[in-house]
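Working notes, structure below.
Residue numbers start at 1 and run along the sequence shown. If you're wondering where the values come from, they're calculated on a predicted model, not measured in any experiment.
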Amino acid sequence: RPLLETAAANIVSVSMELGGNAPVLVLDDADLDAAVAGAMVAKMRNGGEACTAANRFYVQAGVAAAFTARLGEAMASVRVGSGLDDSVGLGPLVNEPGRSKVAELVNDALAGGARAVCVGAVPAGAGFFYPPTVLEGVDPASAILSNEIFGPVAPIVTFATEEEAVALANDTAYGLVAYVYTGDQGYEITYKGTRAQDPKDVTDFLRRRQHSLDWVLRKWLVQPGVALFYEGQTVAAQKPAEQVSIITDKDQSVTLDIDA
């Protein structure tokens with residue numbers, strides 16, 4: 001509020017970075033190559049110092065060991081050093097308080113029973129470096145899962161059911177973004193079980209899901225053989241639905257039911 005008041009008094013536009021706590025959900029049927037590659041991009045963009053950076057990793061029990069091992073290998077392979085060196089994949093954090101915060105969160109998680117899968121090497125000399133780190137067996141109540149890490153650390157929690165994963169992912173005061181990896185292309189996101197009444201409602205619904213974590217995983221009920229295409233994302237049709245119309249960018253009529 002004080003920032004907006006000051007900006008209004010000076011008639012200037014405002015764009016604020018208010019943080020995030022993005023979850024990554026990896027289901028048993030996920031393509032692990034794609035999941036690990038995507039996790040590296042989501043976690044390591046700007047060294048983890050990004051509002052959309054993956055902050056919490058929830059991995060289903062059936063693939064937890066394999067995913068954790070692969071992510072650990074990928075993180076350990078990242079070369080740390082000066083950002084002016086083209087061969088470097090991770091530079092320093094922004095300042096000493098930032099590095100200390102990351103270290104405190106990691107130490108707290110380890111004290112709570114987490115295990116370090118990998119801790120990468122950092123160069124000697126000046127620089128606020130923190131090594132690429134993967135933690136497994138993290139307590140769901142650990143501070144590292146409720147605070148924005150803002151560094152190259154991936155804490156992993158194992159879950160059993162999709163309902164458990166959704167509850168864990170939604171256990172945050174932050175919104176902004178979330179990542180889901182599953183081999184079932186019929187999965188999508190439903191915003192609070194909202195029911196669409198007309199095409200405009202569907203469009204508004206799809207747009208809102210980009211900005212909230214108050215979601216639940218479920219199936220899109222779209223006509224078989226027709227894909228729903230929205231903002232570059234295609235969702236494969238799975239089964240018949242109630243009649244709610246939406247027109248795709250290819251002028252195809254799609255029926256959709258998003259009743260909870």
Side-chain angles (χ1 to χ4, degrees), residues 3 12-26 32-59 67-110 114-136 138 142-157 172 174-181 210-211 232:
L3 290 174
V12 295
S13 61
V14 179
S15 178
M16 291 183 285
E17 160 56 85
L18 299 177
N21 193 12
V24 178
L25 276 62
V26 182
L32 291 189
D33 289 337
V36 171
M40 288 297 293
V41 173
K43 174 71 263 185
M44 298 300 283
R45 62 166 59 93
N46 203 40
E49 293 181 295
C51 57
T52 56
N55 205 63
R56 304 170 288 145
F57 291 78
Y58 299 113
V59 185
F67 175 84
T68 300
R70 293 194 196 186
L71 183 61
E73 291 172 0
M75 290 281 276
S77 70
V78 176
R79 184 169 177 235
V80 184
S82 169
L84 299 177
D85 184 341
D86 289 340
S87 67
V88 164
L90 177 65
L93 298 180
V94 65
N95 54 29
E96 178 54 38
R99 179 171 64 177
S100 295
K101 173 190 174 183
V102 175
E104 289 172 6
L105 289 172
V106 170
N107 289 337
D108 176 76
L110 292 171
R115 299 172 297 280
V117 175
C118 86
V119 178
V122 296
F128 305 118
F129 297 104
Y130 195 88
T133 302
V134 176
L135 304 176
E136 66 176 351
V138 178
S142 175
I144 201 169
L145 300 175
S146 58
N147 291 273
E148 189 174 28
I149 300 171
F150 232 58
V153 179
I156 297 176
V157 176
T172 178
Y174 297 93
L176 196 59
V177 68
Y179 307 88
V180 180
Y181 286 90
Q210 306 293 331
H211 303 291

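- Counting only heavy atoms from C-beta outward, the side chains of Thr68 and Val59 never approach each other to under 4.5 Å.
- Legend: residues meeting side chain to side chain donor-acceptor pair (under 3.5 Å) with Asp85, ordered by chain and number and at least two apart, are Arg79, Ser87.
- Nearest heavy atom pair, residue Gly72 against residue Val117, reads CA-CG1, 4.2 Å.
- Taking the side chain as every heavy atom from C-beta outward, Ile144 and Val106 approach each other to under 4.5 Å.
- Between the CG atom of Leu110 and the CG atom of Leu105 there is a distance of 11.0 Å, given to the nearest 0.5 Å.
- Nearest heavy-atom pair across Gly151 and Val102 is CA-CG2, 4.1 Å.
- Considering CZ of Phe129 and OG of Ser82, their distance stands at 6.5 Å, rounded to 0.5 Å.
- Among the candidates Val138, Asn55, Thr172, the single residue satisfying the side chain to side chain contact (heavy atoms under 4.5 Å, CB included) test with Leu145 is Val138.
- With a 4.5 Å cut-off on side-chain heavy atoms, Val80 and Pro152 do not count as touching.
- Considering only heavy atoms from C-beta on, Val157 stays 4.5 Å or farther from Arg56 through its side chain.
- Put simply, the side chain of Val78 reaches to within 4.5 Å of the side chain of Met40, judged on heavy atoms.
- Rounded to the nearest 0.5 angstrom, Asn21 CG and Ser146 OG are separated by 7.5 Å.
- Residue Leu135 comes nearest to Ala109 through the heavy atom pair CD1-CB, 3.9 Å, listed as atom of the first residue, atom of the second, then distance.
- In terms of heavy atoms, Ala54 sits closest to Val24 at CB-CG2, 3.4 Å.
- The NZ atom of Lys101 sits 13.0 Å away from the OH atom of Tyr130 when rounded to the nearest 0.5 Å.
- In terms of the side-chain contact (heavy atoms from CB on, under 4.5 Å) criterion, residue partners of Ala35 (sequence neighbours excluded) are, by chain and number, Val26, Phe67, Tyr181.
- When every heavy atom of Gly20 is checked against every heavy atom of Glu148, the shortest pair comes out as N-OE2, 3.2 Å.
- In this structure, Tyr179 and Arg45 approach most closely via the heavy-atom pair OH-NH1, 3.2 Å.
- The shortest side-chain heavy-atom distance between Pro92 and Val122 does not fall under the 4.5 Å cut-off.
- Ser13 is linked by a side-chain contact (heavy atoms from CB on, under 4.5 Å) to nothing, counting only residues two or more places apart in sequence or in another chain.
- Rounding to the nearest 0.5 angstrom, the gap separating the NZ atom in Lys43 from the CD1 atom in Ile149 is 4.5 Å.
- A salt bridge links Arg99 to Glu96: at least one charged side-chain nitrogen sits closer than 4.0 Å to a carboxylate oxygen.
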